[in-house]
Amino acid sequence: MPITAGTLYRDTMNFTRNQLIGLLLLSLLTAVITVMLNQALIPAPDQLQILSNVSGNLSSTGQLGLHDLIQQMTPEQQMVLLKVSAASTFAALVGNALLTGGVLTLVRQVSAGQPTSALRAIGASAPLLPRLFFLILVGTILVQLGMLLLIVPGVLLAIAVSLSSVIAAVENKGVFASIRVSAKLAYGNLKLVAPAVLFWLLAKIALLMLVARVPLASPTTMAILMNGVSNLISAIFLIYLFRLYMLLRQ
């Protein structure tokens with residue numbers, strides 16, 4: 001029996017409805033960890049004040065690109081910006097690894113009929129987390145490099161690595177072996193994988209645009225909320241990919 005996108009969508013939505021509380025808790029918990037870790041790692045407020053002049057320059061010279069703006073910074077401002085970027089990236093990678101490990105473990109435990117919860121799923125995924133961290137790091141670098149060249153290469157690379165986390169968790173494969181198998185399966189089933197990846201990317205972009213327009217009464221609360229929504233979107237995407245991989249595996 002051929003695998004259809006409609007069947008995968010229905011299976012994903014059914015699982016999401018049945019496990020909605022656990023998925024919401026996972027999404028919010030990993031969002032809190034990401035935001036708190038980011039706040040713990042970013043430079044002190046007095047150092048961040050150094051970047052205040054950069055914001056003024058950005059608004060007054062709207063024609064400048066990011067590269068030009070960085071070139072106009074002082075070495076001290078560049079160092080603070082680097083620290084902020086590194087803290088944000090590391091926190092996001094940790095949060096994504098926890099979310100991915102937790103969701104995939106939750107799906108596997110539920111499929112096996114085992115009692116589970118958000119905390120139990122994250123705890124059980126602990127052995128996977130270092131591998132998932134480096135896998136997500138490599139995948140992010142590849143996709144970002146593709147996006148810097150042109151949008152299309154970035155999307156193609158996102159499709160190529162989409163199944164890698166599921167493969168690493170289910171088959172216990174290494175980082176590059178998982179990416180290699182993922183690319184082969186993803187391009188061999190492009191009609192099933194590409195629309196899901198595009199929807200996930202567009203949903204993330206729409207969420208970023210919404211954040212830019214929403215007034216930030218409480219930046220920390222808003223950051224946790226938006227990260228939680230983003231995590232829930234990623235969780236549903238992971239469930240879809242897990243179900244797809246299990247059907248392809250058969």
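All residue numbers in this chain count up from 1 along the given sequence.
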J.: Answer with yes or no whether the hydrophobic clustering places L28 together with L210; edges join I, L, V, M, F, W, Y residues whose side-chain heavy atoms lie under 4.5 Å apart.
T.: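 Different hydrophobic clusters.
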
J.: Going by heavy atoms in the side chains, are Y240 and L192 under 4.5 Å from each other?
T.: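 Contact flag for Y240/L192 side chains = yes.
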
J.: Does one hydrophobic cluster hold both L29 and M226, with members joined at side-chain heavy-atom distances below 4.5 Å?
T.: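 L29 and M226: one cluster.
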
J.: Distance from S88 atom OG to K83 atom NZ, nearest 0.5 Å?
T.: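 The distance works out to 16.0 Å.
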
J.: Grouping I, L, V, M, F, W and Y whenever their side-chain heavy atoms are under 4.5 Å apart, do V94 and M36 come out in a common cluster?
T.: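 Different hydrophobic clusters.
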
J.: Heavy atoms, side chains only, cut-off 4.5 Å: are V161 and L157 in contact?
T.: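 No, too far: nothing below the 4.5 Å cut-off.
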
J.: Mind running side-chain contact (heavy atoms from CB on, under 4.5 Å) on L247 and L8 for me, showing each step along the way?
T.: CA-CA 9 Å; L247 289 175; L8 288 169; 3.7 Å; yes

J.: Find the distance between CG (L225) and CE (M222) and round it off to the nearest 0.5 Å.
T.: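 Taking CG in L225 and CE in M222, the distance rounds to 6.0 Å.
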
J.: Among residues at least two apart in sequence or on other chains, which ones pass side chain to side chain donor-acceptor pair (under 3.5 Å) with K184?
T.: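 Here no residue qualifies.
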
J.: For A177, enumerate each residue passing the side chain to side chain contact (heavy atoms under 4.5 Å, CB included) test, keeping only those at least two apart in sequence or located in another chain.
T.: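 K173, R180.
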
J.: If you define the side chain from C-beta out and look only at heavy atoms, does anything of M246 sit under 4.5 Å from V166?
T.: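 M246 does not reach V166 side chain to side chain.
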
J.: Mind checking ring pair (Phe, Tyr, Trp, His ring centres under 6.0 Å) for F237 and listing every partner two or more places apart, or none if nothing turns up?
T.: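 With neighbours one apart ignored, the set is W200.
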
J.: Checking side-chain contact (heavy atoms from CB on, under 4.5 Å) between S182 and each of L135, I167, I159, which is the one that passes?
T.: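 Only one of L135, I167, I159 forms a side-chain contact (heavy atoms from CB on, under 4.5 Å) with S182, namely I167.
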
J.: Run the side chain to side chain donor-acceptor pair (under 3.5 Å) test against N18 and tell me which residues pass, sequence neighbours left out.
T.: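 For N18, no residue satisfies side chain to side chain donor-acceptor pair (under 3.5 Å) once neighbours in sequence are set aside.
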
J.: For a quick test of reading the model, state the closest non-hydrogen atom pair linking L104 to A169 and the distance between them.
T.: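 What the structure gives for the nearest pair is CD1-CB, 3.7 Å.
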
J.: Would a hydrophobic clustering, with Ile, Leu, Val, Met, Phe, Trp and Tyr connected at side-chain separations under 4.5 Å, put V229 with L201?
T.: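 Yes, same cluster.
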
J.: Give me the atom names and distance for the closest heavy-atom approach of I122 to S125.
T.: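 For I122 versus S125, the nearest heavy atoms are O-OG, 2.7 Å.
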
J.: At their closest point, which heavy atom of A91 faces which heavy atom of L37, and how far apart are they?
T.: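 Residues A91 and L37, closest heavy atoms: CA-CD2, 3.8 Å.
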
J.: Name the one of L238, L98, L232 that satisfies side-chain contact (heavy atoms from CB on, under 4.5 Å) with V103?
T.: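 In the set L238, L98, L232, the residue that makes a side-chain contact (heavy atoms from CB on, under 4.5 Å) with V103 is L238.
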
J.: Is there a side-chain contact between S162 and L241, using heavy atoms and a 4.5 Å cut-off?
T.: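 Yes, close enough: below the 4.5 Å cut-off.
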
J.: Does L202 share a hydrophobic cluster with V143, counting links as ILVMFWY side-chain heavy atoms below 4.5 Å and allowing steps through other members?
T.: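 Not linked; separate clusters.
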
J.: If we count only N and O atoms by modelled type, under 3.5 Å, do the side chains of T7 and T4 hold a donor and an acceptor together?
T.: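 T4 and T7 do have a side-chain donor-acceptor pair below 3.5 Å.
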
J.: Any chance you could measure S164, atom OG, to R131, atom CZ, to the nearest 0.5 Å?
T.: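 Going from OG on S164 over to CZ on R131, the span is 12.0 Å.
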
J.: Measuring only between side-chain heavy atoms, which start at C-beta, is V107 closer than 4.5 Å to Q19?
T.: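 Result no, sub-4.5 Å side-chain heavy-atom pair not found.
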
J.: Can you name the side chain to side chain donor-acceptor pair (under 3.5 Å) partners of D11, sequence neighbours left out?
T.: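 Residues passing side chain to side chain donor-acceptor pair (under 3.5 Å) with D11: R243.
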
J.: Measuring only between side-chain heavy atoms, which start at C-beta, is F133 closer than 4.5 Å to F90?
T.: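 They are in contact (side-chain heavy atoms under 4.5 Å apart), so the answer is yes.
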
J.: As an exercise, state the distance from CG of L248 to CD1 of I3, rounded to the nearest 0.5 Å.
T.: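 So the gap between those two atoms works out to 4.5 Å.
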
J.: Report the residues that fulfil side chain to side chain donor-acceptor pair (under 3.5 Å) with R249, sequence neighbours left out, ordered by chain and then residue number.
T.: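 For R249, the residues satisfying side chain to side chain donor-acceptor pair (under 3.5 Å) (neighbours in sequence not counted) are E171.
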
J.: Roughly how far, to the nearest 0.5 Å, is OG1 of T89 from CG of L41?
T.: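 Answer rounded to 0.5 Å: 11.0 Å.
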
J.: Looking only at heavy atoms, which two atoms of R120 and P115 are closest? And how far apart?
T.: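 For R120 and P115, the tightest heavy-atom pair comes out as NH1-O, 3.0 Å.
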
J.: To the closest 0.5 Å, what do you measure between CG (L190) and CG (L185)?
T.: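 If I round to the nearest 0.5 Å, the distance is 12.5 Å.
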
J.: Which heavy atom of A121 sits nearest to which heavy atom of G102, and what is that distance?
T.: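 Looking at all heavy atoms of both residues, the shortest contact is CB-O, 3.4 Å.
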
J.: Using only atom types and a distance under 3.5 Å, with no angle test, would you say the side chain of S230 pairs donor to acceptor with the backbone of N227?
T.: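 No; judged by distance alone, with no hydrogens or angles, the pair does not exist.
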
J.: Going through the distances and angles, do N96 and S234 end up as a side-chain contact (heavy atoms from CB on, under 4.5 Å)?
T.: CA-CA 9 Å; N96 287 335; S234 295; 5.7 Å; no

J.: Regarding N231 and T30, do their side chains bring together a donor and an acceptor under 3.5 Å, going by distance alone?
T.: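 The answer is yes; a qualifying pair exists.
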
J.: Within the 4.5 Å heavy-atom criterion, are N14 and R17 side-chain neighbours or not?
T.: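 A side-chain contact under 4.5 Å exists here.
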
J.: Please examine the side chains of T16 and M13, heavy atoms only from C-beta on, and report whether any two atoms are closer than 4.5 Å.
T.: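 Yes. Closest side-chain heavy atoms under 4.5 Å.
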
